[in-house]
2 protein chains.
Amino acid sequence: MSRDRGRGERDDAGVSTTRKTFAILETLADADGVTITELTRRTEFTKSTVYRHLTTLVDLGYVVERDGAYDVGFRFLEISEQARTRRRGYTAAKRSVFELGKETDERAVFIVEEEYEGVYVHRYGSLSDTMIGKRRPLHSLASGKVILSEWDDDTVADFVATAGLDAITDNTITDPDALAAELERIRDRGYAVNNEEHMDGLRSVAVPVYTPDDDLLGALSVFGPTSRFTDEYVHDALPNRLRDKAGEIRVTLAYG
Amino acid sequence: MSRDRGRGERDDAGVSTTRKTFAILETLADADGVTITELTRRTEFTKSTVYRHLTTLVDLGYVVERDGAYDVGFRFLEISEQARTRRRGYTAAKRSVFELGKETDERAVFIVEEEYEGVYVHRYGSLSDTMIGKRRPLHSLASGKVILSEWDDDTVADFVATAGLDAITDNTITDPDALAAELERIRDRGYAVNNEEHMDGLRSVAVPVYTPDDDLLGALSVFGPTSRFTDEYVHDALPNRLRDKAGEIRVTLAYG
DNA sequence: AATGAATGTTCCGAATAATAAAACAGAATC
DNA sequence: GATTCTGTTTTATTATTCGGAACATTCATT
């Protein structure tokens, strides 16, 4: 079901040393404040290899060392912020997410598509569980479905073929025809609803965000527990609020 | 005056292939939507080298390709967010910066020290000019001086020795004794003021942010044009507001 | 259509640089 | 004070990166 050739699977192509560096880096990012020997244990490399790569990364400033423990540093923030501000609308969305979250007192997110995945770019919510930067299957998210609903049939078909429609929960849409029907419904309504398709007990609503030239920028979404997210709330109150905020972003881009 | 051995200068040590990868990556981040030949022009490498490195990065998902043009992707957001949430207080500060900015209608930032530099971690303000991830000399920032004022004399001396006190504007403190006096004043007052020491026409105020265990987390700061940032505003109204917000972060960490 | 000038991609031998393993140093633990 | 962890350095061997050139492809121009 999943795409034949995933990320990093063509381990023959390109620069294998670079692959090692990033493998070490990713392991380091997962762990927290880890030592060289611990990193060696968690990777498939020898100690001297890990040592040398880590030394290089520290010298470059991407990894920081604090009393023997290593951590990914803020240098990556410089690069990731570049991606985050590639389009002016992304920055505008940041504020909208925050206001939306504060006003509704719900968790709010702004999601963008990259490589057929939904990426959390901005978020308002609890202190823990930041989600930012995390990537999720488009078809299991309200925001993801909103984005899919903007694509033509061929692109959606290609998405289904390469990314697949894996079941995340019992409610996840796994049938291409059912997906097509759902996308049509979203186009009609102007908003998408997620009914525990990504996580049990979680519902969400999402609307598309457009630029002044009517290009799709991403999706704005609010989510919460089924207990609070009643049909009335999800289909009445929230869509309008979300549409307002999406509209504000558009206006900000045009005149602000 | 600057430190003898800067970032990436020991180009003999470690993995030189990794250095190449990041050199290409940084060039790519600076440029926007750039082609392989253009990248070749901007770096000191041959086309086939750039090609191979870029192919690897695309395969790993760190670089994305859109109709011939390459860009840094959101995959870095995953890593940088790791750094940004290393301490719970960083996340708490995010909300405070936003609220502070909204309430005062000024630009607000949360700054943290890394490798003797001030790193902008959170920010509220204009759409363009995000600053996030950018690194600045500590002694030229109100927030930087606040952080320095928390260190003991030996550490400050080491900072001065390695990072130096370069003049950024005419007002920048470049004398170690003057710095020591200023830090003492900050410790007395509980807040720091920046009087066009980092940029002409810009004043700012900053306070330290502590954890419930009284560890220094970073600095909270507000900045704006000299015209609006009068002595009264800078020394009366703002310090109290900032202290309140810093206190809120502490309380959030303790009980929230 | 045909030409030309870009670009992106592949191939290859030569040279370099990464590697593993082991030895060393230093710290912490008991 | 011995032992067992770490982190660091060294070395010969091996594997990989590298640059250059050749090839393929796209695009613009006529």
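Bear in mind the structure is a predicted one, so any value in this text is a computation, not a measurement. These values consider heavy atoms only, across backbone and side chains, with no hydrogens, waters or symmetry-generated copies. Here is the naming used below: chain letters follow the sequence lines, and residue numbers restart at 1 for every chain.
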Every protein N/O within reach of nucleotides 3-9 of chain C N/O, cut-off under 3.5 Å:
from: C:dT7; atom 1: OP1; to: B:Arg41; atom 2: NH2; distance (Å): 3.4
from: C:dT7; atom 1: O5'; to: B:Thr37; atom 2: OG1; distance (Å): 3.3
from: C:dT7; atom 1: O3'; to: B:Thr37; atom 2: OG1; distance (Å): 3.4
from: C:dG8; atom 1: OP1; to: B:Thr35; atom 2: OG1; distance (Å): 2.7
from: C:dG8; atom 1: OP1; to: B:Ile36; atom 2: N; distance (Å): 3.3
from: C:dG8; atom 1: OP2; to: B:Thr35; atom 2: OG1; distance (Å): 3.4
from: C:dG8; atom 1: OP2; to: B:Thr37; atom 2: N; distance (Å): 2.9
from: C:dG8; atom 1: OP2; to: B:Thr37; atom 2: OG1; distance (Å): 2.4
from: C:dG8; atom 1: N7; to: B:Lys47; atom 2: NZ; distance (Å): 2.9
from: C:dT9; atom 1: O5'; to: B:Tyr51; atom 2: OH; distance (Å): 3.3

Flag for A:Thr35-A:Thr37: side-chain donor and acceptor within less than 3.5 Å: yes
Side-chain N or O of B:Thr46 closer than 4.0 Å to phosphate OP1/OP2 of D:dC18: no
Pairs involving residues 16-46 of chain A, ordered by first then second residue, that meet ring pair (Phe, Tyr, Trp, His ring centres under 6.0 Å) (sequence neighbours left out): A:Phe22-B:Phe22, A:Phe22-B:Tyr62
Side-chain ion pair, A:Asp30 and A:Arg42, N-O less than 4.0 Å: no
Between P of D:dT17 and CG of B:Leu57, the distance in whole Å: 13 Å
Any residue meeting side-chain contact (heavy atoms from CB on, under 4.5 Å) with B:Ser126, in chain and number order, not counting sequence neighbours: B:Arg107, B:Arg123, B:Ser128, B:Asp129
Which residues share a side-chain contact (heavy atoms from CB on, under 4.5 Å) with B:Ser96, sequence neighbours left out: B:Lys245, B:Ile249
Axis-to-axis angle between the two ends of the helix from C:dA1-D:dT30 to C:dC30-D:dG1 (five base pairs per end, rounded to 10 degrees): 50°
Under 4.0 angstrom between A:Ser16 side-chain N/O and D:dA15 OP1 or OP2: no
No-hydrogen, no-angle side-chain donor-acceptor test under 3.5 Å, B:Thr155 and B:Asp152: yes
Atom-to-atom span, CZ of A:Arg19 to P of D:dA15 - whole angstrom: 19 Å
side-chain N/O A:His53 vs C:dA18 OP1/OP2, d < 4.0 Å: no
Residues B:Arg66 and B:Asp71 bridged, charged N to O under 4.0 Å: yes
C:dA18 OP1/OP2 closer than 4.0 Å to side-chain N/O of A:Arg52: no
For atom CG of A:Leu39 and atom C1' of D:dC5, their distance in whole Å: 17 Å
Rounded distance (Å) that lies between atom C1' of C:dA20 and atom CD of A:Glu44: 14 Å
Which residues share a side-chain contact (heavy atoms from CB on, under 4.5 Å) with B:Glu65, sequence neighbours left out: B:Tyr70
Audit row: B:Glu117, B:Arg136, salt bridge (charged side-chain N to carboxylate O under 4.0 Å, His left out) steps and yes/no: CA-CA 6 Å; B:Glu117 289 180 305; B:Arg136 298 282 136 81; over 6 Å; no
A:Leu54 CG to D:dG7 P, straight-line distance once rounded to whole Å: 10 Å
